[in-house]
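Okay, here's the structure, questions in a sec.
By convention in this document, chain letters (A, B, ...) are assigned in the order of the sequence lines, proteins followed by strands, and residues within each chain are numbered from 1.
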There are 2 protein chains.
Amino acid sequence: MNKKRTTLKDLAKELGLAASTISRALDDHPGISQETKEKVLNKAEELGFTRNSIASSFRKNKTLTIGVIVPRIDIHFHSLVISGIEEYAYKAGYNVTIFQSRDSIKRESKITKILQNKMSEGVIICLGTETNSYEHFEKLNRMKIPLVFYDRVPTGFEANKIIINDYESAFKATEHLIEVGCKRIAHIGGSQSTGIFKARFEGYKAALVKHDFPMEKNLVHFTKDLSYEEGALVAKKLLALKSRPDGIFCSNDYTAVSAIQVFQKNMVKIPQEIAIVGFSNYPISKIIEPHLTTVNDRAFEMGMAAARLLIRQIEEEEDIIQTEIVTIKTELLIRESSTK
Amino acid sequence: MNKKRTTLKDLAKELGLAASTISRALDDHPGISQETKEKVLNKAEELGFTRNSIASSFRKNKTLTIGVIVPRIDIHFHSLVISGIEEYAYKAGYNVTIFQSRDSIKRESKITKILQNKMSEGVIICLGTETNSYEHFEKLNRMKIPLVFYDRVPTGFEANKIIINDYESAFKATEHLIEVGCKRIAHIGGSQSTGIFKARFEGYKAALVKHDFPMEKNLVHFTKDLSYEEGALVAKKLLALKSRPDGIFCSNDYTAVSAIQVFQKNMVKIPQEIAIVGFSNYPISKIIEPHLTTVNDRAFEMGMAAARLLIRQIEEEEDIIQTEIVTIKTELLIRESSTK
DNA sequence: AATTAAGATGCAAACGTTTGCATAAAATTT
DNA sequence: AAATTTTATGCAAACGTTTGCATCTTAATT
C-alpha cells in the first residue's frame with residue numbers, strides 16, 4: 001500500500017483533460033485558456049501534485065544540476081566559494097552537487113564519470129594537487145559539458161577560468177610595505193610549481209625592482225604547504241639573521257599569523273620592528289593581535305562568478321566554443337600588522 | 001550535428017543483441033553468458049558508452065541522491081559536517097546536493113519542495129534560526145523520504161537526530177576547571193532558547209552543584225550569537241568585577257578567544273589568573289596563545305553518522321517507521337589555556 | 001452564409017532504461 | 001528418443017513528462 005505520487009495523468013483523469021493540457025497549463029502556456037489554467041492549478045494544489053522532475057529531466061534532457069569538485073569542503077576558502085556558487089545557482093534555478101577529490105586524481109577522474117552519467121549540465125572545478133593531466137576533463141569537453149575552473153586552474157589547457165590577479169595583488173601588498181617605510185622585505189612563499197604562488201612571488205619581486213630594492217636571497221623562503229608550522233620555521237630563520245628584515249609579505253594568512261606569533265614570543269614588536277602582510281583574508285586575520293593586513297581574495301564572489309559563467313555557457317544557444325578567463329578584483333585590507 | 005550520446009540501443013544494434021541483454025550484461029546478471037558479458041563490456045568501452053543515469057533513475061524510481069540543507073556552508077562547523085556527509089555518501093554510491101537556507105524558513109521550505117520533486121531519497125538538515133514549525137518536513141515524512149537532523153534539531157517533533165551530549169560535555173569542561181583548581185567559574189553562554197546552549201549551561205550548573213560551588217549570578221552571561229564581539233563585551237564586564245572569576249567556561253570558541261584577548265590586553269595572565277575553556281574546537285583554538293582548551297564536537301564524524309543513518313533508512317526494507325537519536329561522543333582537548 | 005482565422009484541447013510518440021515473462025537452444029534426465 | 005530441466009536471450013511494456021501535429025470549436029472576416 002505504498003502511497004503513489006500523483007502524476008499528470010491522475011490530474012488529467014480527475015479533470016477530464018489530457019495530460020498534455022495539464023502540462024501546458026502548469027507552464028502557463030499561451031494556448032491554454034485562463035479558465036482551464038485556474039482549474040488545473042486548483043486541482044494540483046488540492047491533490048498536492050508536483051511535477052516529477054526526474055521524468056521531466058529525462059524527457060527534456062535537462063537536469064538543471066551543476067557539479068562542483070573541490071579538493072576539500074572544509075577548507076574555508078572552498079566553503080566560501082561553494083557558498084557563492086550555491087547562492088547564484090539557487091537563484092538561477094540550478095542545483096549543486098558537491099564532490100571532494102581529496103587531492104586524488106583517481107577520485108577526481110571517477111567523479112567526472114559520475115557527473116557525465118548523471119547528466120550534470122556543467123562542472124566547476126578546483127584542481128587537486130596531484131592533477132597534472134586533464135584527459136578526464138577533456139572527455140567532459142567532448143560531451144559539450146561546460147567547465148569552469150577556479151583558483152587552481154589547469155595550465156596549457158584552454159578552459160574557462162576564474163582567477164584573481166595574484167601577481168598584481170602581491171605587487172600591491174609588497175608596495176604597501178614599502179610605502180609604510182619598510183626597507184628590507186622578506187617573502188614567505190608557497191610551492192613554486194603552483195601557478196598562483198609563483199605569481200605572488202613574481203609580484204613581490206616586481207615591487208622590489210620598481211622601487212630599486214635589491215632582492216636578498218636569504219630573505220626569500222619557499223614552503224611546501226604554506227602551513228602554520230612551516231611559517232613558524234621560516235620566521236625563526238629570519239629571526240636568526242644578523243640583520244633582520246623589517247617587513248614580510250606572506251603568500252597566505254597561516255604563515256603570516258605564525259610568523260607574528262614567533263616574533264612576538266621573541267619580543268619583536270609587530271608592526272614597529274617588522275610589518276607583516278598576509279594573503280587570503282582568513283577569519284583568523286581579524287582575530288590575531290595585531291590584526292593582519294591581508295589581501296581579500298573575495299572567495300564568495302569567485303563562486304558567484306564561476307556559477308554565473310557556467311550557467312551562461314550552459315544556456316547559450318550558440319555552439320561556438322569559446323573560453324573565458326575572468327579575473328576577480330582583490331583588495332588590500334590594511335590592518336594593524338602593517339601600520340607603523 | 002549535435003553528437004548524440006551512445007545508448008543501450010546503439011550498443012545492442014552494434015552487437016546484434018537486445019537492449020535488455022546489454023543492460024543485464026552490464027549489471028553482471030547471472031543469466032547472461034560470460035562470453036556475451038565480455039563482448040558487451042568491450043564494445044561499451046570502445047564506444048565510450050556509459051549509462052544515462054537519469055533514465056535509469058526515472059525507470060527505477062531511485063536517484064541515489066541525498067539533499068543537505070544547512071543555514072550556511074561557510075560556517076566551519078557545517079563545512080566539516082558536509083565533508084563527513086560527502087565522504088560517507090560517496091563511498092556508498094550516493095550524491096550530495098547542497099542547499100543553504102540562510103536561516104530563512106521561507107527558503108528552507110522552498111528547498112524541501114525542490115528536494116521532493118527532484119526525488120531526493122533522503123535529506124539531512126540543520127535547522128535555520130527562524131524555523132519554529134515543521135510542516136514542510138512533515139510533508140517529506142508523509143512521502144516516506146527519510147530525514148536526519150543534526151546540531152540544531154527540532155523539538156517536539158519525532159525525528160532522526162544526530163547530536164552531541166552538550167550537557168555532559170559542558171559538565172566535563174566545567175569539572176576540568178574545578179580540577180585544575182578554579183574556585184569561581186564564570187560562564188559565557190548562548191541564547192537560552194536554543195536547546196544546545198541551554199544544555200551547556202545546565203551542564204555547567206550541574207558541575208558546580210556536584211562540587212558544592214555556589215552559582216554566582218554575576219558570573220553568568222548569556223549572549224545573543226556567541227559572537228567574537230559579544231565575548232569581548234562580557235569579558236570586559238567580568239574584568240570590571242571587584243572580585244574576578246578565576247575560570248570561565250564559554251559555550252563556543254569565538255567568545256573564549258576574545259575573552260583571552262581582552263584579559264591579556266589588561267595584563268591578566270591566562271591561565272594563571274583566569275583559566276579558560278571553549279567549545280567546538282575551531283581552528284583558531286590551536287593558534288591563539290595560549291592554545292585553547294575546548295570540546296571537540298567531532299563535526300566530521302557527525303556528518304558521517306548522519307549520512308550512515310540516512311542511507312540505512314533509505315535502504316531498509318521494512319516500513320516500520322522508527323526514529324533514531326545518535327549521540328556522538330565528544331572529547332575535552334586540554335591545552336594551555338586551562339593548565340595552570 | 002460561406003470562408004478563414006484564431007483559440008483550445010487532444011493524440012500519440014518519444015526520451016533510455018529496466019524487468020517480468022516468453023521463447024529458443026542446449027544440456028540433462030528419464 | 002522423448003521429456004524435462006537449465007541456460008541464454010529477446011519481446012514489449014512501463015516509468016511521467018513533453019511536444020509537434022491534428023482536430024475540433026468558436027469567432028472574425030469576407
Looking at A:Ser23, does any N or O in its side chain come under 4.0 Å of the phosphate oxygens OP1/OP2 on D:dG16?
no
Whole-Å gap separating P (D:dA12) and CZ (B:Arg59)
16 Å
Roughly how many Å is it from CG in A:Leu11 to P in D:dT18, rounded to a whole number?
12 Å
Considering every strand and a 4.0 Å limit on heavy-atom distances, what is the contact class for A:Thr36: base, sugar-phosphate, or nothing?
sugar-phosphate
Tell me, please, whether B:Tyr90 has A:Arg107 positioned over its six-membered ring: NZ or CZ under 6.0 Å from the ring centre and within 45 degrees of its axis?
yes
Measure from CG on B:Asn61 to P on D:dC15 and round the result to the nearest Å.
10 Å
For the base of D:dT17 and the side-chain ring of A:Phe58, does the geometry meet a stacking cutoff of under 5.5 Å between centres and under 30° between planes?
no
Would you mind classifying the nucleic acid contact of A:Ser53 as base, sugar-phosphate or nothing, using non-hydrogen atoms under 4.0 angstrom?
nothing
How many whole angstroms separate atom NZ of B:Lys13 from atom C1' of C:dG16?
13 Å
Length of the CD1-P vector between A:Ile54 and D:dC15, whole Å
17 Å
So does A:Ser20 reach the base of C:dC11 with its side chain, donor to acceptor, closer than 3.5 Å?
yes
Any donor-acceptor N/O pair, B:Ser57 side chain to B:Ser53 backbone, under 3.5 Å
yes
Answer yes or no: are there more than 12 heavy-atom neighbours, outside A:Glu158 itself, under 6.0 Å from its atom CD?
no
Apply the salt bridge (charged side-chain N to carboxylate O under 4.0 Å, His left out) test between B:Asp27 and each candidate in B:Lys60, B:Lys37, B:Arg51; give the one that qualifies.
B:Arg51
Charged N-O contact under 4.0 Å between A:Glu108 and A:Arg102
no
Interatomic distance, B:Lys9 NZ vs C:dT18 P [rounded to whole Å]:
13 Å
At under 4.0 Å between heavy atoms, what does B:Arg24 touch on the DNA or RNA strands: base, sugar-phosphate, or nothing?
base
Which whole-number value in Å describes the distance from B:Gln34 CD to D:dT7 P?
14 Å
Is A:Glu130 salt-bridged to A:Lys106, going by a charged N under 4.0 Å from an acidic O?
no
By nearest-nucleotide position on DNA chain D, the 5'-leaning member of B:Lys60 and A:Asp27 is B:Lys60
Can you pull out how bent the helix from C:dA1-D:dT30 to C:dT30-D:dA1 is, comparing the axes over its first five and last five pairs, to 10°?
50°
May I ask you to verify if any side-chain N or O of A:Arg5 is less than 4.0 angstrom from the OP1 or OP2 atom of D:dC15?
no
Nearest-Å distance for atom pair CG/C1', residues A:Leu17 and C:dA12
17 Å
Side-chain N,O (B:Ser33) to OP1/OP2 (D:dT9) below 4.0 Å
yes
May I ask you to check whether A:Tyr94 and A:Tyr88 place their ring centres under 6.0 Å from each other?
no
